[in-house]
**Q** 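Once you've had a glance at the structure underneath, I'll fire off some questions.
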Number of protein chains: 2
Amino acid sequence: MISVDPASPLGPAEQIRGQLEALIRSGALAADERLPTVRQLAVDLRVAAGTVARAYKELEEAGLVRAARAAGTRVNPGHDDGAAFAPASDLVRAARRRGLTLAEAQALVAAAWVGDDAETRPRAERPVHRFPAPGPDAG
Amino acid sequence: MISVDPASPLGPAEQIRGQLEALIRSGALAADERLPTVRQLAVDLRVAAGTVARAYKELEEAGLVRAARAAGTRVNPGHDDGAAFAPASDLVRAARRRGLTLAEAQALVAAAWVGDDAETRPRAERPVHRFPAPGPDAG
DNA sequence: CACGTTGTGTCGACCGTTTGACACAAGGGT
DNA sequence: ACCCTTGTGTCAAACGGTCGACACAACGTG
């Protein structure tokens, strides 16, 4: 099931791409399973065909699907991350208990990510803001 | 630590808002702690002040922070979801083991979310695409 | 081979966001 | 009371994404 939320900060193309990726990684879309055609999905979601085409293109560049001219777009094997799906379900349950929204739960993931990442991977040389060390003497 | 990724599908304001939310929910920014000035953060991240102001405004409307004219913007108490942060860390570890990116891990959360949600909450009447039931005979 | 299907690319137009600069409002420090 | 700090709001202009329609390319079917 795919839908486009007009209130999302993400554009239609990115929403479609992300939802398809989620379906593939969760195993809801099995390997070799066929995705709807660009035009069909565009009609269903009330978006332009080019928008769906962009989503498909990015999925193909990511290696998640393969696209052939008249054969349609199909899921590539090796992307069913069912193992990592279990921890994701745990997080969803915990988030639901606290009344968090999906976006808030994803924000938690982002927080845990940088907390585990900033020390290992040196961030690209992008403009950053660093907080003054709160220190143990804070307060 | 906050940074803005030009390659992200999210706009600068949304990125800043999301990262601040993550810092607050993870407890990296404690209650009553002061956020950087709108202008200061704008300079650090090389974005317009109005962009940071928009992020702060949305954070305040969400109740995560309080803004006073000359006292700056401070974190509101009661948003340190440290409990739910542990499952998020588990997910991050699992995702890292599989070589997933942050966006991919978040896609897994989205997949788990709808999987647990679609059956309980009737989605708003938005245009949707439904996949033909794969059935047990699929393959 | 002929035809329909499907993915891909292009084009001008529209709309939301960001930008950069500025003025204003309101609290803090002295 | 004065002035600096800080958040808020406005404005025109530039930018990017989407739209909607169309033409094209390649594959499958017959």
Side-chain angles (χ1 to χ4, degrees), chain A residues 2-20 29 32-76 126-127 129 131-132, chain B residues 2-20 32-76 103 126-127 129 131-132:
Chain A
I2 303 183
S3 66
V4 171
D5 179 10
S8 170
L10 278 63
E14 182 58 23
Q15 286 185 52
I16 296 168
R17 191 206 62 77
Q19 289 181 40
L20 285 173
L29 279 180
D32 297 332
E33 193 161 348
R34 185 170 180 180
L35 270 58
T37 66
V38 166
R39 291 175 237 268
Q40 182 59 53
L41 188 51
V43 168
D44 290 352
L45 300 182
R46 306 275 206 282
V47 299
T51 302
V52 178
R54 172 183 297 240
Y56 277 31
K57 179 185 178 64
E58 294 183 13
L59 285 173
E60 190 186 20
E61 289 175 349
L64 285 167
V65 303
R66 58 185 184 276
R69 289 280 171 166
T73 305
R74 289 176 185 274
V75 177
N76 276 338
R126 251 184 269 126
H129 171 86
F131 288 88
Chain B
I2 303 182
S3 65
V4 170
D5 179 10
S8 169
L10 276 63
E14 182 58 23
Q15 286 184 53
I16 295 169
R17 191 207 62 77
Q19 290 181 39
L20 285 174
D32 298 331
E33 193 162 348
R34 186 170 181 180
L35 270 59
T37 305
V38 165
R39 293 175 236 264
Q40 182 60 52
L41 189 51
V43 169
D44 290 352
L45 300 182
R46 306 277 208 279
V47 298
T51 302
V52 177
R54 172 182 296 242
Y56 277 30
K57 179 185 178 67
E58 295 182 13
L59 285 173
E60 190 185 20
E61 288 175 349
L64 286 167
V65 302
R66 57 184 184 277
R69 288 278 169 164
T73 305
R74 289 176 184 274
V75 178
N76 275 338
R126 251 183 268 127
H129 170 86
F131 288 87

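Every chain is numbered from 1 and lettered A, B, ... according to where its sequence line falls, protein lines coming before strand lines.
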**Q** Nearest whole Å is fine: how far is D:dG20 C1' from A:R54 CZ?
**A**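 Taking atom C1' of D:dG20 as the reference, CZ of A:R54 is at 15 Å.
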**Q** Quantify the bending of the helix from C:dC1-D:dG30 to C:dT30-D:dA1 as the angle between its end axes, each fitted on five pairs, to 10°.
**A**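 Answer for the end axes of this duplex: 40°.
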**Q** Round to a whole Å and report the spacing from CZ of A:R39 to P of D:dC22.
**A**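 One finds 12 Å between P of D:dC22 and CZ of A:R39, rounded.
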**Q** Considering only heavy atoms from C-beta outward, does the side chain of A:I16 approach that of A:V47 to under 4.5 Å?
**A**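 Touching, per the 4.5 Å side-chain cut-off.
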**Q** Can you measure B:R66 atom CZ to D:dT6 atom P for me and round it to whole angstrom units?
**A**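 For the pair B:R66 CZ and D:dT6 P, the rounded distance is 16 Å.
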**Q** Looking only at non-hydrogen atoms, find the nearest pair between B:N76 and B:G63 and report the distance.
**A**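 Smallest heavy-atom distance, with atoms named: ND2-O, 3.1 Å.
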**Q** Give the rounded distance in Å between these two atoms: CD of A:E58 and C1' of D:dG17.
**A**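 Atom CD in A:E58 sits about 12 Å away from atom C1' in D:dG17.
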**Q** Does B:D32 form a side-chain contact (heavy atoms from CB on, under 4.5 Å) with B:R66? I'd like the steps, not just the answer.
**A** CA-CA 9 Å; B:D32 298 331; B:R66 57 184 184 277; 2.8 Å; yes
**Q** Which part of the nucleic acid does B:A49 contact within heavy-atom distance under 4.0 Å: base, sugar-phosphate only, or nothing?
**A**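 No contact.
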**Q** Atom CG of A:L45 to atom P of D:dT18: distance rounded to whole Å?
**A**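 About 13 Å, once rounded to whole Å.
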**Q** To the nearest angstrom, how far is B:E61 atom CD from D:dG7 atom P?
**A**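 Distance check: B:E61 CD to D:dG7 P gives 16 Å.
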**Q** First contact, last contact: which nucleotides of DNA chain C are these for chain B, 5' to 3', heavy-atom distance under 4.0 Å?
**A**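 Contact boundaries, 5' end first: C:dT18 to C:dG27.
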**Q** Under 4.0 Å, counting only non-hydrogen atoms across every strand here, what does B:E60 touch: a base, just sugar-phosphate, or nothing?
**A**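 Contact class for B:E60: sugar-phosphate only.
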**Q** Nearest 0.5 Å please: distance from the NE2 atom of A:H129 over to the OG1 atom of B:T37.
**A**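 A:H129 NE2 to B:T37 OG1: 9.0 Å, rounded to 0.5 Å.
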**Q** Check this for me: does any side-chain nitrogen of one of B:E60 and B:K57 sit under 4.0 Å from a carboxylate oxygen of the other?
**A**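 No, B:E60 and B:K57 are not salt-bridged.
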**Q** Figure out the CD/C1' separation between B:E14 and D:dG16, and round it to whole Å.
**A**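 Rounded to the whole Å, the gap is 16 Å.
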